[in-house]
Engineer: 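Questions regarding the structure given below will be posed in turn.
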Amino acid sequence: MDHVDVIIRQWAAERPDLDTRAMAVIGRVARLSMAYTQGMQRTFGRYGLNPAKFDVLATLLRSGPPYALSPGALLDTTMVASGTMTNRIDRLEQDGLVERRKNPEDSRSVIIALTPKGQALINEMMAAHVATQSQLLEGLTAEEQEALTTLLAKALNSAETSNSHADQA
């Protein structure tokens, strides 16, 4: 029995008329997200990063050579507000992990690029990050991980579709 089971049993006693199956799923997903975040934040901390800094560095690395993107492309990929992104870039630049360069395609704009120090850090950190994620899932077999991935993708699509329809109403 986990924490969510306790809550579901309390609701069943207080309001037996409620169908709490969705609450059981969403409660577990929320607690799972917190547990995963906690584990990953320990890894980020060992490298002097936080989730926000990691997000920018990882986005630049996975973009491939030359490991540089426009601030707009970073915004699109990370889905944060413009001011938030500027703050992240400023902090990473102060740490010597990224630099602003003139955009070779438009001299009026800049691109954000990994510095050699930033590239070395995020490459080293990625191995630790993937290891942490694997440890967080070590209680599941490979088959269970695949099944969970499939179910979570379906649940995510359902929730995003539902939210999209609600936004349009």
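These numbers come from a predicted model, not from an experiment.
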Engineer: Rounded to the nearest 0.5 Å, what separates atom CG in L114 from atom CG in L57?
Structural biologist: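 If I round to the nearest 0.5 Å, the distance is 6.0 Å.
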Engineer: Please identify which of these residues, L92, T77, D55, V98, meets the side-chain contact (heavy atoms from CB on, under 4.5 Å) condition with L60.
Structural biologist: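 Result for side-chain contact (heavy atoms from CB on, under 4.5 Å) with L60: V98.
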Engineer: Pairs under 3.5 angstrom only: tabulate donor-acceptor contacts from the side chains of residues 45-53 to other protein residues two or more places apart or in another chain.
Structural biologist:
from: N50; atom 1: OD1; to: A52; atom 2: N; distance (Å): 3.0
from: N50; atom 1: OD1; to: K53; atom 2: N; distance (Å): 2.7
from: K53; atom 1: NZ; to: D95; atom 2: OD2; distance (Å): 2.6

Engineer: Rounded to the nearest 0.5 Å, what separation is found between the CD1 atom of I89 and the CD1 atom of I112?
Structural biologist: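 These two atoms lie 4.0 Å from each other.
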Engineer: For D2, check salt bridge (charged side-chain N to carboxylate O under 4.0 Å, His left out) against everything at least two apart and list the hits.
Structural biologist: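 D2 satisfies salt bridge (charged side-chain N to carboxylate O under 4.0 Å, His left out) with R28 once adjacent residues are dropped.
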Engineer: Tell me whether I26 is reachable from Y36 by hopping between hydrophobic residues (I, L, V, M, F, W, Y) whose side-chain heavy atoms are closer than 4.5 Å.
Structural biologist: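 No.
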Engineer: Ignoring hydrogens and geometry, is there a side-chain-to-backbone donor-acceptor pair from S33 to V29 under 3.5 Å?
Structural biologist: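 A pair under 3.5 Å: no.
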Engineer: For D76, which residues count as a side chain to side chain contact (heavy atoms under 4.5 Å, CB included) partner, sequence neighbours excluded?
Structural biologist: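 Side chain to side chain contact (heavy atoms under 4.5 Å, CB included) check on D76 returns nothing, list empty.
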Engineer: Hey, can you pull the donor-acceptor pairs under 3.5 Å for the side chains in residues 147-162, sequence neighbours left out?
Structural biologist:
from: T149; atom 1: OG1; to: Q145; atom 2: O; distance (Å): 2.8
from: T150; atom 1: OG1; to: E146; atom 2: O; distance (Å): 3.0
from: T161; atom 1: OG1; to: N157; atom 2: O; distance (Å): 2.8

Engineer: Can you list everything that forms a side chain to side chain donor-acceptor pair (under 3.5 Å) with R91? Sequence neighbours excluded, please.
Structural biologist: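 Here the qualifying residues are N87.
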Engineer: For R62, does the CZ atom sit with more than 12 other heavy atoms under 6.0 Å from it, leaving out its own atoms?
Structural biologist: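 Result for CZ/R62: enclosed.
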Engineer: Using the side chain to side chain donor-acceptor pair (under 3.5 Å) criterion, which residues pair with S109? Sequence neighbours excluded.
Structural biologist: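 Once residues adjacent in sequence are excluded, the partners of S109 under the side chain to side chain donor-acceptor pair (under 3.5 Å) criterion are N103.
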Engineer: Once rounded to the nearest 0.5 Å, what's the spacing between atom CD of E93 and atom CG of D90?
Structural biologist: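 Atom-to-atom, E93:CD and D90:CG are 6.5 Å apart.
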Engineer: So which pairs with a foot in residues 50-95 pass ring pair (Phe, Tyr, Trp, His ring centres under 6.0 Å), sequence neighbours left out?
Structural biologist: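 Counting only pairs at least two positions apart or across chains, the ring pair (Phe, Tyr, Trp, His ring centres under 6.0 Å) contacts touching residues 50-95 are F44-F54, F54-H129.
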Engineer: Does any part of the side chain of R101, heavy atoms only, come nearer than 4.5 Å to the side chain of V110, both counted from C-beta?
Structural biologist: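 Result no, sub-4.5 Å side-chain heavy-atom pair not found.
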Engineer: Please report the shortest heavy-atom distance between S63 and A68, naming the atom on each side.
Structural biologist: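 Closest approach of S63 to A68: OG-N, 4.0 Å.
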Engineer: Restricting to non-hydrogen atoms, name the atom on A58 and the atom on M126 that form the minimum distance, rounded to 0.1 Å.
Structural biologist: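 It is CB-SD, 4.5 Å.
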Engineer: How would you list, by chain and number, every residue that makes a side chain to side chain contact (heavy atoms under 4.5 Å, CB included) with K117, sequence neighbours excluded?
Structural biologist: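 Side chain to side chain contact (heavy atoms under 4.5 Å, CB included) check on K117 returns L97, T115.
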Engineer: Quick one: are L136 and M40 in side-chain contact, heavy atoms under 4.5 Å?
Structural biologist: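 Answer yes - side chains close enough.
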Engineer: Which residue pairs pass the ring pair (Phe, Tyr, Trp, His ring centres under 6.0 Å) test when at least one of the two sits in residues 69-89, sequence neighbours left out?
Structural biologist: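 Passing the test, one end in residues 69-89: no pairs.
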Engineer: Considering only Ile, Leu, Val, Met, Phe, Trp and Tyr, and joining two whenever side-chain heavy atoms are under 4.5 Å apart, list the other residues clustered with I8.
Structural biologist: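 Listed partners: V4, I7, W11, L18, M23.
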Engineer: Can you check whether T132 reaches R42 side chain to side chain, under 4.5 Å on heavy atoms?
Structural biologist: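 The answer is no; the side chains never approach within 4.5 Å.
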Engineer: Any ring pair (Phe, Tyr, Trp, His ring centres under 6.0 Å) pairs touching residues 84-122, not counting sequence neighbours?
Structural biologist: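 Passing the test, one end in residues 84-122: no pairs.
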Engineer: To the nearest 0.5 Å, what is the distance between CD1 on I111 and CD on E99?
Structural biologist: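 One gets 9.0 Å once the value is rounded to the nearest 0.5 Å.
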Engineer: Ring pair (Phe, Tyr, Trp, His ring centres under 6.0 Å): which pairs involve residues 78-109, sequence neighbours left out?
Structural biologist: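 Checked against ring pair (Phe, Tyr, Trp, His ring centres under 6.0 Å) - neighbours excluded - no pair reaches residues 78-109.
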